[in-house]
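Numbers here simply count residues along the sequence, with the first being 1. If you're wondering where the values come from, they're calculated on a predicted model, not measured in any experiment.
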Amino acid sequence: MISPYTPSKRTIVCIDDDEAILRYEKAMLEKSGYAVLAAVSAQQGLRLATMCICDAVLLDYEMPEMNGHEVAFEIKRVRPELMVILLSGTEVPMQALALVDAFVPKLEASQQLLPMIAELCSRTDETQRATYG
């Protein structure tokens, strides 16, 4: 039986106000076979995450107009099933961590990020199979 949910390529939304980090994340993810939608502001990222078909959101915690906690809250309010991975170079409050599916310190992102995304996407697959048979 063919599942109604068979994406050919995973799409990840990356939200970070630092363009150099955004370019790095985009290059790393695309090299690993993901499609990437990049947003350089929280507002732009929120629009992408809530309006586009995507599998996960990679979200920076420290941004000027809205922090990652506020963005994660809005994403989960509109799309609770969407996987959100929070990145930060600093301490993150527990209430922000409680909202997201995973947390990766920026210093460890090059080693931890790809395995984390793969694991979360496989969980999404299992949920889809359970829902759609």
Side-chain angles (χ1 to χ4, degrees):
M1 181 175 143
I2 297 174
S3 167
Y5 183 79
T6 50
S8 57
K9 191 181 238 191
R10 300 275 183 197
T11 301
I12 311 295
V13 174
C14 292
I15 308 170
D16 199 310
D17 62 310
D18 184 325
E19 290 188 45
I21 290 173
L22 205 54
R23 280 193 303 274
Y24 169 77
E25 291 171 355
K26 186 171 169 41
M28 180 180 63
L29 290 166
E30 286 177 343
K31 186 177 169 196
S32 299
Y34 294 96
V36 178
L37 301 172
V40 77
S41 74
Q43 291 294 343
Q44 182 186 22
L46 200 49
R47 279 194 302 279
L48 287 174
T50 56
M51 297 170 71
C52 297
I53 295 173
C54 57
D55 298 286
V57 176
L58 193 53
L59 174 62
D60 181 32
Y61 179 73
E62 289 191 35
M63 292 185 286
E65 71 273 3
M66 284 175 85
N67 68 29
H69 180 204
E70 295 163 316
V71 177
F73 178 82
E74 287 302 315
I75 290 170
K76 291 293 189 175
R77 188 177 63 77
V78 178
R79 297 198 49 204
E81 80 290 352
L82 191 56
M83 296 290 177
V84 177
I85 302 167
L86 191 64
L87 286 170
S88 181
T90 62
E91 287 284 315
V92 175
M94 287 305 290
Q95 66 266 27
L97 295 176
L99 273 176
V100 298
D101 298 283
F103 170 73
V104 176
K106 277 194 176 177
L107 291 175
E108 297 170 26
S110 60
Q111 291 87 35
Q112 290 186 12
L113 203 52
L114 291 172
M116 180 70 66
I117 290 170
E119 181 192 328
L120 290 175
C121 286
S122 72
R123 275 194 233 159
T124 303
D125 285 346
E126 289 167 19
T127 304
Q128 292 291 339
R129 279 195 294 277
T131 303
Y132 297 112

Handout entry: Asp16 and Lys106 ion-paired at < 4.0 Å
Key = yes
Handout entry: Minimum side-chain heavy-atom gap Met63-Ile15 below 4.5 Å
Key = yes
Practice task
Please tell me if the side chains of Met83 and Asp55 come closer than 4.5 Å, counting only heavy atoms from C-beta onward.
Solution key: no
Exercise for the section: Determine whether Leu58 and Leu87 make a side-chain contact, defined as any pair of heavy atoms from C-beta on separated by less than 4.5 Å. Expected result: yes
Fill in the blank from the handout: Note: Gly45 and Val13 closest approach over all heavy atoms is O-CG1, 4.2 Å
Practice task
Kindly say whether Leu82 contributes a backbone atom to a donor-acceptor pair with the side chain of Lys76 at under 3.5 angstrom?
Solution key: yes
Practice task
Can you measure from CD (Glu65) to CG (Leu46) and round to the nearest 0.5 angstrom?
Solution key: 10.0 Å
Exercise for the section: Check whether any side-chain heavy atom of Cys54 lies under 4.5 Å from a side-chain heavy atom of Leu48, and answer yes or no. Expected result: no
Problem - Minimum heavy-atom distance Gly68-Leu86, with the two atoms named - result: CA-CD1, 4.1 Å
Handout entry: Transitive ILVMFWY side-chain link Val84 to Tyr61, under 4.5 Å
Key = yes
Problem - Point-to-point distance, once rounded to the nearest 0.5 Å, from CG of Leu113 to OH of Tyr24 - result: 8.0 Å
Completion exercise
Value for CG (Leu59) from CD1 (Ile75), rounded to nearest 0.5 Å, stands at 5.5 Å
Handout entry: Shortest non-hydrogen contact from Cys14 toward Glu25
Key = CB-OE1, 3.7 Å
Handout entry: Donor-acceptor contact below 3.5 Å, side chain Arg10 vs main chain Ala35
Key = no
Exercise for the section: For residues Ile117 and Tyr34, determine if any side-chain heavy atom of one lies less than 4.5 Å from a side-chain heavy atom of the other. Expected result: yes
Handout entry: Single-linkage hydrophobic cluster Leu22~Met116, side-chain heavy atoms < 4.5 angstrom
Key = no
Exercise for the section: Decide if atom CD of Glu91 counts as having more than 12 heavy atoms of other residues, nucleotides or ligands within a radius under 6.0 Å. Expected result: no
Handout entry: Test item: Glu74 and Val71 side chains (from C-beta on) under 4.5 Å apart, heavy atoms
Key = no
Exercise for the section: Could you check Asp60 against Ile21 for side chain to side chain contact (heavy atoms under 4.5 Å, CB included), going step by step and ending with a plain yes or no? Expected result: CA-CA 10 Å; Asp60 181 32; Ile21 290 173; over 6 Å; no
Fill in the blank from the handout: By side chain to side chain donor-acceptor pair (under 3.5 Å), Gln112 pairs with (sequence neighbours left out) Glu108
Fill in the blank from the handout: For Val104 and Ala109 the tightest heavy-atom approach is CG1-CA, 3.7 Å
Exercise for the section: Answer yes or no: does atom CD of Glu19 have more than 12 heavy-atom neighbours from other residues, nucleotides or ligands under 6.0 Å? Expected result: no
Practice task
Look at atom CZ of Phe103 and say whether more than 12 heavy atoms of other residues, nucleotides or ligands are closer to it than 6.0 Å.
Solution key: yes
Exercise for the section: Determine which pairs satisfy side chain to side chain donor-acceptor pair (under 3.5 Å) with at least one residue from residues 36-45, sequence neighbours left out, and list them in order. Expected result: none
Problem - Expected output: side-chain Glu70 to main-chain Asn67 donor-acceptor under 3.5 Å - result: yes
Practice task
Please examine the side chains of Thr11 and Leu37, heavy atoms only from C-beta on, and report whether any two atoms are closer than 4.5 Å.
Solution key: yes
Handout entry: Arg79 versus Cys52, closest heavy-atom pair with distance
Key = NH1-O, 3.0 Å
Problem - 4.5 Å side-chain heavy-atom contact, Ile85 and Asp101 - result: no
Handout entry: Within one Ile-Leu-Val-Met-Phe-Trp-Tyr cluster: Leu97 and Met66, side-chain cutoff 4.5 Å
Key = yes
Exercise for the section: Would you check, one step at a time, whether the test side chain to side chain donor-acceptor pair (under 3.5 Å) holds for Ser88 with Glu62? Expected result: CA-CA 7 Å; Ser88 181; Glu62 289 191 35; 4.5 Å; no
